[in-house]
Amino acid sequence: MGRHIALPGHYPELTFEASVARLDPYGGRRLLAVAASGGPALHAQVVVAGWVFSRGLERTLLVRHPRFGWLSPGGRLEEGETPREGALREVTEETGINADLLVREPAAVLGDDQHACGRIYGLAYALTANPAEPLRPEPGQPATWFHLKDLPPSYYPLDHPTLLAFARDLRC
């Protein structure tokens, strides 16, 4: 495991990715861009997530976090990797599967200013994988495919509605 990046700092690719993300449910786009370009900002962690969909966009893969419940696979961005690479790495680490990029730009900017560890910024990437591929989740964090109509509650209230809206937009 490498060193995790922290903000503020100079991360041009993170600044760019925040600017082109399709959705911004928590209103963190500008804050992330400022912090990633070295501007004045509160210290923050950077997370990346993979919104893993089945090929027909009817299911998504979630991981049961011991503290936060069912979430899309994700974790902290490491130095030396792009946000996209980080999301793909986290999906593989947490589920054991290899997912493919569904769209190049980030699906959403994520953010949480109520977290016990301070501010968190993040980017979610839309990925696709085959639900028939065997899952090999991390110990203590089961992974399961859920039909989009049957998603469990999420610790982050806008994550699942935003994931659903994104899938609906892709289908159209």
Side-chain angles (χ1 to χ4, degrees), residues 1-23 25-26 28-29 32-33 35-36 43-55 57 59-112 115 117-146 154-156 159-160 162-163 166-167 170:
M1 179 162 84
R3 282 189 49 211
H4 299 131
I5 70 165
L7 297 175
H10 292 282
Y11 301 98
E13 184 154 5
L14 191 56
T15 303
F16 174 77
E17 294 288 281
S19 73
V20 298
R22 290 187 179 196
L23 303 168
Y26 296 95
R29 182 189 316 270
L32 173 55
H43 291 282
Q45 299 175 42
V46 179
V47 297
V48 287
W51 288 358
V52 184
F53 295 100
S54 59
R55 305 235 187 270
L57 300 171
R59 297 167 74 189
T60 191
L61 182 59
L62 300 178
V63 173
R64 190 171 197 312
H65 188 278
R67 201 162 113 212
F68 302 116
W70 291 103
L71 305 170
S72 295
R76 295 184 57 194
L77 183 62
E78 296 180 0
E79 285 190 10
E81 67 184 357
T82 67
R84 189 176 302 104
E85 291 167 345
L88 289 164
R89 173 187 51 77
E90 284 291 341
V91 167
T92 301
E93 286 178 1
E94 293 190 2
T95 68
I97 65 167
N98 292 307
D100 297 314
L101 210 56
L102 191 57
V103 293
R104 181 164 169 63
E105 71 272 6
V109 174
L110 306 175
D112 180 13
H115 199 274
C117 299
R119 186 125 178 89
I120 295 176
Y121 297 109
L123 293 168
Y125 289 84
L127 309 173
T128 186
N130 182 351
E133 184 177 343
L135 297 173
R136 295 175 309 283
E138 292 179 312
Q141 287 194 180
T144 302
W145 285 94
F146 286 90
S154 175
Y155 178 83
Y156 298 103
D159 281 14
H160 290 172
T162 305
L163 181 143
F166 185 81
L170 283 179

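You'll find the side chain of L71 stays beyond 4.5 Å of the side chain of V63, heavy atoms only. Looking at L110 and Y156, their side chains never come closer than 4.5 Å, going by heavy atoms from C-beta outward. Contact check for V20 versus P106: side-chain heavy atoms found under the 4.5 Å cut-off. Taking 4.5 Å as the limit, every side-chain heavy atom of P73 sits out of range of all side-chain heavy atoms of E90.
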Practice prompt. Please report the C-alpha distance between W145 and L135 in whole Å, then the side-chain angles of each, then the deciding distance to 0.1 Å, and finally whether the side chain to side chain contact (heavy atoms under 4.5 Å, CB included) criterion is met.
Written response: CA-CA 10 Å; W145 285 94; L135 297 173; 4.1 Å; yes

Discussion item. Could you walk me through whether V52 and S72 satisfy the side chain to side chain contact (heavy atoms under 4.5 Å, CB included) test, starting with their C-alpha distance in whole Å, then the side-chain angles of each, then the deciding distance to 0.1 Å, before giving a yes or no?
Written reply: CA-CA 7 Å; V52 184; S72 295; over 6 Å; no

Fill in: Pair L163-T60, side chain to side chain contact (heavy atoms under 4.5 Å, CB included): steps then yes or no
CA-CA 9 Å; L163 181 143; T60 191; 3.9 Å; yes

Practice prompt. Begin from the C-alpha positions of L127 and L101 and carry the test side chain to side chain contact (heavy atoms under 4.5 Å, CB included) through to its verdict.
Written response: CA-CA 4 Å; L127 309 173; L101 210 56; 3.5 Å; yes

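The nearest pair of heavy atoms linking L14 to P83 is CD1-CG, 3.8 Å. Residues I97 and A129 approach most closely at CD1-CB, 3.6 Å, considering heavy atoms. For the residue pair A126 and A107, the shortest heavy atom distance occurs at N-CB, 4.1 Å. S54 and P131 get closest at one heavy-atom pair: CB-CG, 3.6 Å. Listed here is the closest heavy atom pair of W51 and A108: CH2-CB, 3.7 Å. Closest approach of A18 to L32, counting heavy atoms only: CB-CD2, 3.7 Å.
Residues satisfying the side chain to side chain donor-acceptor pair (under 3.5 Å) criterion with T15, sequence neighbours excluded, are absent altogether. E81 meets the salt bridge (Lys or Arg N to Asp or Glu O under 4.0 Å) test with R89; sequence neighbours excluded. By the salt bridge (Lys or Arg N to Asp or Glu O under 4.0 Å) test, E79 is found to be paired with R3, residues two or more places apart in sequence or in another chain being considered. Every residue meeting the side-chain contact (heavy atoms from CB on, under 4.5 Å) condition with R22, not counting sequence neighbours, appears here in chain and number order: V103, E105, F166, L170. Qualifying side-chain contact (heavy atoms from CB on, under 4.5 Å) partners for T144, counting only residues two or more places apart in sequence or in other chains: W70, F146. For E138, the side-chain contact (heavy atoms from CB on, under 4.5 Å) partners two or more places apart in sequence, or in a different chain, are E93, E94, Q141. Evaluation of the side-chain contact (heavy atoms from CB on, under 4.5 Å) rule for R55 yields D100, T128 as partners, not counting sequence neighbours. Listed by chain and residue number, F68 satisfy the ring-ring contact (aromatic ring centres under 6.0 Å, His included) test with H65 (two or more places apart in sequence, or in another chain).
A donor-acceptor pair under 3.5 Å is absent between the side-chain atoms of Y125 and the main chain of E85, judged by distance alone. No side-chain donor-acceptor contact under 3.5 Å links E133 to the backbone of N130.
Screening residues 4-20 for salt bridge (charged side-chain N to carboxylate O under 4.0 Å, His left out), with sequence neighbours left out, gives E17-R84.
The OG1 atom of T82 sits 8.0 Å away from the CG atom of L77 when rounded to the nearest 0.5 Å. The structure places OG1 of T95 at 8.0 Å from CZ of R136, a figure rounded to the nearest 0.5 Å.
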